[in-house]
Amino acid sequence: MTPHTADHTDVRATNLAAVLGHLRAHAPCSRAAIAGGTGLNKATVTSIVADLIAQRLARETEQTQNHVGRPATLLVLDGSAYAAIGMEISARGLTAIAYDSAGGQLLRWHRSGPGAGAAPAKTIAALAALARRAISAVHSSGRDVLGLTVGVPALVDRDGTVVLAAGLGWRDVPLRANLVEALGRPAFPVLVDNDANLGALAEHRYGAYAGTADLIHLSGDTGVGAGVICDGRPLRGHHGYVGEIGHLRIQPDGPLCGCGRRGCLEAMAGLPAILARLDPSDESEADPQLRTDQLVRRAEDGDAATLKTLTEVGGLLGQGISVLVDLLDPELVVLGGSYAALGRWLAPAIEQELAEGALVATSARCQVVISDFGHDATSIGAVARSLDRLDSGRLPTPSSQP
């Protein structure tokens, strides 16, 4: 294989990414501060900033920085031209969030249903309708859409096909292809990714521990999945299936899982399993969020059965997490989604299991923390995924809006 030689475009993109990254972290700041912080020479920074201003990705403020010599005009990100859309499919329903390119939230919508038992076609039709509303809202604000990413609790291949979503009852659903067709083949990228992967990306980019190089984000609203950030980058694997601990068999003779096997972690410690265990009556049509809120209230009131169940579930989760901790040696394990709402009761048992069962944790114990994002982590991570191309230094081509 002939080694790849970086051309001018590659170098330019790398430099653009460095300038944008510095602005995201340190704005308002001067051109000189960007040069000092990135190691780029002042002429390169001046040229790149001019491009960013021309494309309305950065702007000068009226603020100046006083120092010896001429005052330096300060720069900030400009979100007036572009936005990214992040969406989620879950048992709770559908969510859409849009952020402008400077990180300002433009919209946040949630609708209940179609639900876990709905046919894929019905869910995709509802998802497309919500997506069209979000796209229209972004265009009405005068912005172009940089991209749209959908998170789903599933094994998702690199083509955006849902290979298995046991919690939704889906197999081999070409979600990305169907959504692209339903949206009329838009000019911007449409992506589909695993919900836990996107949750991990949200924590790494924007969370309370943003910048942590090695972390695991655990979600369990529909399935149980672990998104992994390793050395500062999402870990995906050959097929994109990294972190699928939901189908780790904890108890071979345990309850039947949606994947067809018995004793999977998902069948024993996912939110549907927790709710079913505490309320065996058939409430499959009830709002999972409402039932989770009721569960939290019972735990806060000290209900013995609820507290016992959550402690046992925490121990089961700890068994699954211990495997990942020994394999990946993370600094943080972040409990997201419904696990965040239940975190104060799950975390002690998880930590105890890690202390007793994870070899790595005995010598360099990782920290178990609760996400601040709650149910929004997947959608926020989906926004970040849609901003990836911009953040890697590939400037968008302005397009006329429909």
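On a predicted model such as this, the values are computed, not experimentally measured, just so you know.
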- Around R132, counting heavy atoms of other residues, nucleotides and ligands shown, do more than 12 lie under 6.0 Å from its CZ? yes

- Query: Would a distance-only check, ignoring hydrogens and angles, find a side-chain to backbone donor-acceptor pair under 3.5 Å from R171 to C259?
  - Reply: yes

- Query: What is the minimum heavy-atom distance between L346 and V313, and which atoms define it?
  - Reply: CD2-CG1, 3.9 Å

- Sub-3.5 Å donor-acceptor pair from the side chain of T44 to the main-chain atoms of L40, do we have one? no

- Does the pair R205/D391 count as a salt bridge with the N-to-O cut at 4.0 Å? yes

- Query: Checking S47 side chain against A43 main chain: does a donor-acceptor pair fall under 3.5 Å?
  - Reply: no

- Message: Among L317, L271, I370, exactly one meets side chain to side chain contact (heavy atoms under 4.5 Å, CB included) together with Y339. Which residue is that?
- Response: L317

- Give a yes or no on whether a salt bridge exists between E266 and R261, defined as a side-chain N under 4.0 angstrom from a carboxylate O. no

- Message: Would you compute the distance between atom CG of L201 and atom CZ of R233 and round it to the nearest 0.5 angstrom?
- Response: 13.0 Å

- Could you tell me whether R108 atom CZ has more than 12 heavy atoms of other residues or ligands within 6.0 Å of it? no

- Query: By ring-ring contact (aromatic ring centres under 6.0 Å, His included), which residues pair with H22, not counting sequence neighbours?
  - Reply: H26

- Query: Are any of the side-chain heavy atoms of V145 and H139 separated by less than 4.5 Å?
  - Reply: yes

- Query: How many angstroms lie between CZ in R111 and CG in L94, if you round to the nearest 0.5 Å?
  - Reply: 5.5 Å

- Message: If we count only N and O atoms by modelled type, under 3.5 Å, do the side chains of S371 and E203 hold a donor and an acceptor together?
- Response: yes

- Message: As a quick check of understanding, evaluate side-chain contact (heavy atoms from CB on, under 4.5 Å) for R291 and L295, giving each step before the final call.
- Response: CA-CA 6 Å; R291 296 183 70 195; L295 176 59; over 6 Å; no

- Message: Please determine whether side-chain hydrogen bond (donor to acceptor under 3.5 Å, both in side chains) holds for the pair N194 and E244, giving the CA-CA distance in whole Å, both sets of side-chain angles, and the decisive distance to 0.1 Å.
- Response: CA-CA 10 Å; N194 171 267; E244 284 295 330; 3.2 Å; yes

- Task: Would you check if E356 and L354 make a side-chain contact, meaning some heavy-atom pair closer than 4.5 Å?
- Result: no

- Query: Nearest heavy-atom pair of A154 and V162: which atoms, and what distance?
  - Reply: CB-CG1, 3.5 Å

Donor-acceptor pairs under 3.5 angstrom involving side-chain atoms of residues 183-191: please list them, not counting sequence neighbours.
unit_1 : atom_1 : unit_2 : atom_2 : d
R185   : NE     : E181   : OE1    : 3.4
R185   : NH2    : E181   : OE1    : 2.8

- Task: List in chain and number order the residues that pass side chain to side chain contact (heavy atoms under 4.5 Å, CB included) with R133, two or more places apart in sequence or in another chain; answer none if no residue qualifies.
- Result: W109, L130

- Item | Test log, rule side-chain contact (heavy atoms from CB on, under 4.5 Å), inputs R385 and L198 | CA-CA 8 Å; R385 180 83 194 274; L198 295 175; 4.0 Å; yes

- Message: To check you understand the geometry: which heavy-atom pair defines the closest contact between A384 and Y206, and what is its length?
- Response: CB-CE1, 3.9 Å

- Item | ring-ring contact (aromatic ring centres under 6.0 Å, His included) against Y209, all qualifying residues, sequence neighbours excluded | none

- Message: I want to check something: taking the side chain as every heavy atom from C-beta on, are L75 and R59 in contact at a cut-off of under 4.5 Å?
- Response: no

- Does the side chain of L127 come within less than 4.5 Å of I89's, by heavy atoms? yes

- Message: Looking at T309 and A305, would you say the former's side chain and the latter's main chain have a donor-acceptor pair under 3.5 Å?
- Response: yes

- Start with the C-alpha distance between R12 and D51, add both sets of side-chain angles, then the distance that settles salt bridge (charged side-chain N to carboxylate O under 4.0 Å, His left out), and finish with yes or no. CA-CA 11 Å; R12 183 73 171 176; D51 282 350; 2.4 Å; yes

- Message: Among residues at least two apart in sequence or on other chains, which ones pass salt bridge (Lys or Arg N to Asp or Glu O under 4.0 Å) with R262?
- Response: none

- Note on the structure: Here the gap from I135 atom CD1 to D144 atom CG, rounded to the nearest 0.5 Å, amounts to 12.0 Å

- Task: Return the minimal non-hydrogen interatomic distance between L57 and S101, and the atom names on each side.
- Result: CD2-OG, 3.8 Å

- CG on L16 to CG on L52, rounded to 0.5 Å: 6.0 Å

- Message: Less than 4.5 Å apart, side chain to side chain, heavy atoms only: is that true for H217 and F373?
- Response: no

- Query: Taking T306 for the side chain and A299 for the main chain, is one N or O donor matched with an acceptor at less than 3.5 Å?
  - Reply: no

Identify every side-chain donor-acceptor pair in residues 220-228 under 3.5 Å, counting partners at least two apart or on other chains, and give the distances.
unit_1 : atom_1 : unit_2 : atom_2 : d
D221   : OD1    : S338   : N      : 2.7
D221   : OD1    : S338   : OG     : 2.9
D221   : OD2    : H375   : ND1    : 2.9
T222   : OG1    : A91    : N      : 3.0

- Message: I need the minimum non-hydrogen distance between T212 and H204, along with the two atoms involved.
- Response: O-ND1, 3.0 Å

- Task: Find out whether N15 and V45 are in side-chain contact, i.e. whether some heavy atom of one side chain is under 4.5 Å from a heavy atom of the other.
- Result: no

- Query: Hey, mind stepping through D10 and R394 against salt bridge (charged side-chain N to carboxylate O under 4.0 Å, His left out) and telling me if it holds?
  - Reply: CA-CA 9 Å; D10 293 328; R394 307 292 176 177; 3.5 Å; yes

- Item | D303 and D301, any side-chain heavy atoms less than 4.5 Å apart | no

- Item | Test side-chain contact (heavy atoms from CB on, under 4.5 Å) applied to T149 and V192, step by step | CA-CA 6 Å; T149 298; V192 176; over 6 Å; no

- Roughly how far apart are L155 CG and W170 CH2, rounded to 0.5 Å? 13.5 Å

- Message: Distance alone, cut at 3.5 Å: any donor-acceptor contact between the side chains of S379 and D376?
- Response: no

- State whether R158 and D193 are salt-bridged, where the test is any N-O pair (Lys NZ or Arg NE/NH1/NH2 against Asp/Glu carboxylate O) under 4.0 Å. no

- Task: Classify the side-chain pair T161/D159 by whether it contains a donor and acceptor separated by less than 3.5 Å.
- Result: no

- Note on the structure: For P330 and C366 the tightest heavy-atom approach is O-CB, 3.1 Å

- Task: Compare all side-chain heavy atoms of I380 with those of Y99 and state whether any distance is below 4.5 angstrom.
- Result: yes

- Message: Pair N197, R236 - check side-chain contact (heavy atoms from CB on, under 4.5 Å), show working.
- Response: CA-CA 8 Å; N197 288 344; R236 296 189 175 277; 3.6 Å; yes

- Message: Applying the side chain to side chain contact (heavy atoms under 4.5 Å, CB included) criterion to Y82, which one of Q55, R143, R56 satisfies it?
- Response: Q55

- Message: Let me confirm one number: the CD-CG distance from Q294 to L278, rounded to the nearest 0.5 Å.
- Response: 11.5 Å

